[in-house]
Structures are given as structure tokens and as C-alpha cells.
Amino acid sequence: MEQQQLQHFSHPKHPLVFNQDYRRDYRCRGCREYFYGPSYSCEECYARETQFHKSCAELPLGLHHPLHPIHPLILFSPETWSENEQFHKCELCKEYKDVYVYRCSRCDFNIHITCASLAPTMDAEFHHHPLTPVWKWITFTCDLCGKEDKGIPYLCHQCDFWIHGRCSIFPQRVKIARHKHFVHLTHSSLEFHQSDSRFCRICVEKLDTRYGLYYCSKCDYVAHLDCGMRRGIYLPEFRDEDEVPEPNESIDSAAYEVKKSKVGMDGTQIDTEIKHFSHEHDLKLTDEVLNDQKCNGCARALLGPFYSCSQCDFFLHKSCANLPKTMQLQLHPYPLTLIPTKPGEIFQCFFCERGCNGFSYYGKEDDINLDVQCTLTLASDILTHKGHEHQLCFSTTEYEQTCTSCNSEREEIFRCTICEFALDIKCATLPHTTRYKQHEHPFTLCYTVEDDSNEYYCDICEEERDPKHWFYYCENCTYPAHPNCILGKYTNIWFGDTYTFGCHPHLLTFIEETEDSHECHDCGDPCKEFILQCVQCNFYIHDECVWGEEEWF
């Protein structure tokens, strides 16, 4: 179907193309407001200066206005104006703005398009009565967004309800990906008492219930209007909440076949031998501690109980063997499928951005991969963590927030609604217990300092530690260390496995890096990290080069 196009006077080179639901963080060139919903843009130039609201793009080139009835007004863009600043001043709002205006050149009369387009009456989807503009530039507080502003309010005379003209765009209901029902726009105190202390479930910041908000009465779920619009989708085709699929459910799909089992002391069944879909051989359950070995599922240090293969070095934590083959997250609209990573291949987790060669939860529709820890942590937007006494809520904002544990900054973070604590996804997925090389004891993640000495160092790198940050600690040896020093540069990658591939006759070992940076056999560049090495014939090749030209056996 051919897209609707518009030839705009400000951009004669190319036609502007219609977009039904445009939601990028750009401002309209006509009115300088953010985009919500229908718009026009130039697909040839793809420049911000060619993005328009539908209503701004379709403005008439001339009009008669009640504030200047003697002459018609002509539409001007800022690019066609003189450098005289007076051209930016609106005769109605008395302000200077870099926006489109209607102008009478004979009388030097200018009015911003936002002021000129005020309709005699306006119908808002969320209000039962017509709203009329007050033709005076005044300071008022909008009864919907709660912001005090200077402008021309729209007023409902029956309800004494005042709003900004721009606030009329909020739809009555939206579907938010993180919530299973529609949320409905509610304003004033129709559903809440003014004393209610509530938090937006999207950004996890305070929400004033005296003004407009999006609300689900079934789940007592609330969100700011702007958060609901930016993170939600307007779905008029759905007629009822029950027609919307519920995303917050794991789809029960067993990943293994039980070969042998026994009954434990508590009467529960223990699967002692299994055939897992990710491996060709049967796996047996064991509690034997292995140093410097990692789980092939989560790529983390092995801690009992776990399944092992007697024919090759393949290991799976019992918890990783029990992972469902399909997951549906609140934060993601499509189902994710559990897949084993190909030998020697590394993927980047979409949320934590760490490299990993363990299992991946893969989203086919948008081609994303999530590692095991992130998938399980994000299965709900409520997190209970040993490192904090209160529940944490997943927060998504338009600005960066600081993690209490490591001081990193992210737009997506877990926040506490009671105190100022915040936790990014990397820290939220740190293993509670881990091992370090040949150290005989496991290390435990600690959230408070081990003593009151006021001198805190890492016993691996011997650098000073920030007492406010989390660290790993061996209590038997009084051995503290930075998380990065314990877990290594590549937290979710294991090295040392050997593979066969078509362009070399011998087994190749997957190694992290070499001291001499040998040249890659394929591309000739130095091999600095993620290398496949043949110890028999001094052969080196990047893992990416192997996947670029070879097929694994």
C-alpha cells in the first residue's frame, strides 16, 4: 500500500511521508513539542528539521483570525524570517519562540501556530464535556498533568476543569508492555485520596494522585501520563482487557528427559540422570566440587549440585538444567526461546551488555539475546535481593540513574521506593557465591564492609576498595576482593574447551588471550582476545573469523 505523502512549503526537495504512530524523542519543527502519534517526516533526508506533527504539517498556508480580523495571516517558518528577533514574538502570548507563526507583514502582527490554532471548543477523549479556550495568557496549574505553566488554558465550565491544550492528546487507555491489562486515564481524585503516596510503576518516582495518571484497577497499577505514553502503545482495536495476552508467565516447557531418579529424604523426586536437549550425552547429578570449571548454561563457576557428562567436559547447574525452553517477560512483547550457544561463539546480552557463551534466551522477532541471569532477574519488574532490605522495582527513565553498588549509570535500573537505593542489572545478577581459580574456599558477595578498620583493599589487585561498594569475601581466609577481580574481565564466558572445525585438521582450544598476540591465520590481524588455538602447529584464528567462513562439525 502506497504511503500518504505531503508536499510541504518548508521542504520543497522531497515529499513528507505520513507515519501513523511516531514516538521518537524528537520535537516537531512546527511547534517544538515532542511527538506522540501521527506525524510527517522526510525519509530521504531523515533530518530532525523535517519532522512534523500531522496537525502542524497540515496547517493551512493562510487564515483569518479573530485577534486580527482586518487582514489574512500567512504561515511562515523561522528559516524564512529576518534576523529581527521581534519576528519571534507572539502578539497573544507575548513570548519569543523558535516556532512557525502566522504573520501579517503589513501590520507586523505575529501569532505562534500553537496560539493561532486554539479551537472555539475542543473534545478530549478522557472528558465528557467540551472544553473552551480562555483567550488570555495566564499562569495556571493544569488539572491533568499537574504542571504550573503560563499559557492559554482550556476550561470545562461545568466541572471547573483546566488543562493545557497539548494535554488533550492523552488517549483514554493504553497498553504498556510491562503490564498485562490496559491502563485507563484517570484525573483529579476520582479513584484516589489526595494523601495517597504512590509511585509510578514505570519510572518508580513519586506520583501526585491529585492530577492525571494511568491506572489499572484490577492490579492497582499506576503510571505517570508521560511514562504511559512513552512506554505504552495505543491499541484501539482491543475492546476488552481480557483480549490482551498476559505476558508475565513462563511457558512450562521441559528442557530434559529423565533417565534415572530417586526419592529424597523429604519425599521429593530427585532426577539423578537426564538427557538435556542441549547436549548429545546423558548427564549425571553430582555434588563434587570442581575448581576453575564453569557451567555451560550460565557460564558461571560450578557449585553443587550440578549435572556432568562422563564423556566430555560438559556441566550444568541443576538450576540451569531446569530452565524452561520458552520464557515470556513483562519487559519484552515477544516470547524468548532457550538456545545453546554454538561452540566458540559469543553473544552480547541485550540488557547487561556482557559477552556470554552460555545459554541464550533468543527473541526471533527483534533478534535479541539475553543471558540466563538477566532473563530470570527480569521475569518480574519486582526484585527481592539479599543486598537490600526492601523490594526493588524496575525503573525506566529518560535520564541516567546511579547504581548504589558500583556507581555506574543506566537509564534502566532497579529502584527502592522507600529509600534512595538503586541497583543496575549487572550488580543485580552478580552470583551470590563463586570460586576463584585454585582458592580452596568459595567467595560470598558482601554488601557491607567486613570490619571498622577504615582501610579497605582488594587482596588480588591490591588497590583500594570503596567501602560503599559490594565486594567478594572469603571469611575463612579474611580475603576481600573486587567483583571484577574475582569474576574476571569476562564474567559470563568460559575458556578452555576444544572444538573441531572444517579449515584445520586438529582440535582447537578456545582461549582468552595470548601474551605474544600472534597473527590470525585468516585475517592477519593480531589475536588479542577470543582466540582458537592449535597447540600442535602454532595455529591461531579469531573466533569471529571462524564463524565468517567455516561450518562447525
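FYI, the numbering just counts along the sequence from 1.
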Backbone N/O of L213 and side chain of T186: donor-acceptor pair under 3.5 Å = no
F52 vs E58 side-chain heavy atoms within contact, under 4.5 Å = no
Reported OG-to-CG distance for the pair S360 and L338, which is rounded to 0.5 angstrom = 8.0 Å
Regarding H8 and S10, is there a side-chain donor-to-acceptor distance under 3.5 Å anywhere?
-> yes
OG1/T397 to CD1/I202 distance, rounded to the nearest 0.5 angstrom?
-> 11.5 Å
Answer yes or no: is there a side-chain heavy-atom contact under 4.5 Å between C427 and F414?
-> no
Excluding sequence neighbours, so at least two apart, what forms salt bridge (Lys or Arg N to Asp or Glu O under 4.0 Å) with D226?
-> K147
Find out whether H157 and T132 are in side-chain contact, i.e. whether some heavy atom of one side chain is under 4.5 Å from a heavy atom of the other.
-> yes
Do the charged groups of D208 and R198 touch, with an N to O distance under 4.0 Å?
-> no
Evaluate the side-chain proximity of Y100 to L59: yes if any heavy-atom separation is below 4.5 Å, no if none is.
-> no
Is H128 atom NE2 crowded by more than 12 heavy atoms from other residues, nucleotides or ligands, each under 6.0 Å away?
-> no
Side-chain touch K364/T337, heavy atoms, less than 4.5 angstrom = no
Mind telling me whether H181 and H179 have parallel, tilted or perpendicular rings, with 30° and 60° as the class edges?
-> perpendicular
Exam field: side chain R415 to backbone V204, donor-acceptor pair closer than 3.5 Å | yes
What do you reckon, are the aromatic ring centroids of Y102 and H65 less than 6.0 Å apart?
-> no
Side-chain donor/acceptor of Q51 to backbone N/O of R27, under 3.5 Å = no
Counting N and O atoms only, with roles assigned by atom type, does the side chain of Q348 sit under 3.5 Å from a partner on the main chain of E353, one being a donor and the other an acceptor?
-> yes
Taking the six-membered ring for Trp, are F394 and F351 parallel (under 30°), tilted (30 to 60°) or perpendicular (over 60°)?
-> perpendicular
What do you reckon, is CZ of F109 surrounded by more than 12 foreign heavy atoms closer than 6.0 Å?
-> yes
Sidechain-backbone polar pair: T341 side chain, G358 backbone, donor-acceptor under 3.5 Å | yes
Assess whether atom CD of E420 is packed by more than 12 heavy atoms of other residues, nucleotides or ligands within 6.0 Å.
-> no
Indicate yes or no for a side-chain donor-acceptor contact from H542 to the backbone of P526 under 3.5 Å, with no hydrogens or angles considered.
-> yes
For the residue pair H432 and Y447, does the interplanar ring angle fall in the parallel (under 30°), tilted (30 to 60°) or perpendicular (over 60°) class?
-> parallel
Would you say the side chain of K206 lies within less than 4.5 Å of the side chain of F199, judging by non-hydrogen atoms?
-> yes
Short side-chain to backbone donor-acceptor contact, S395 and C203, under 3.5 Å = yes
Check: G387 main-chain N/O paired with H385 side-chain donor or acceptor under 3.5 Å = yes
Given side chains that start at C-beta, do those of C31 and I113 come closer than 4.5 Å, heavy atoms only?
-> yes
Between Q328 and L336, is there a donor-acceptor pair closer than 3.5 Å when you use the side chain of the first and the backbone of the second?
-> no
Distance (rounded to the nearest 0.5 Å) between D160 CG and Q158 CD | 11.5 Å
Plane angle bin for H68 and H71 - parallel if under 30°, tilted between 30 and 60°, otherwise perpendicular | tilted
Is a side-chain donor or acceptor of N369 paired with a backbone partner of Y362 at a separation under 3.5 angstrom?
-> no
Tell me, with the steps shown, if H11 and L6 meet side-chain contact (heavy atoms from CB on, under 4.5 Å).
-> CA-CA 10 Å; H11 191 67; L6 174 73; over 6 Å; no
Specify whether F161 and H127 have parallel, tilted or perpendicular ring planes, treating 30° as the upper limit for parallel and 60° as the lower limit for perpendicular.
-> parallel
Decide whether D371 and Y361 meet the rule of one side-chain donor and one side-chain acceptor closer than 3.5 Å.
-> no
Output the distance between atom CG (L430) and atom NZ (K386), rounded to the nearest 0.5 Å.
-> 13.0 Å
Test side-chain contact (heavy atoms from CB on, under 4.5 Å) applied to E91 and I111, step by step = CA-CA 6 Å; E91 293 295 332; I111 182 169; 5.6 Å; no
Counterpart residues, salt bridge (Lys or Arg N to Asp or Glu O under 4.0 Å), relative to R465 (two or more places apart) = E450
Close side-chain approach of C227 to Y214, heavy-atom, < 4.5 Å | no
Considering residues at least two apart in sequence or located in another chain, which fulfil the salt bridge (Lys or Arg N to Asp or Glu O under 4.0 Å) criterion with K468?
-> none
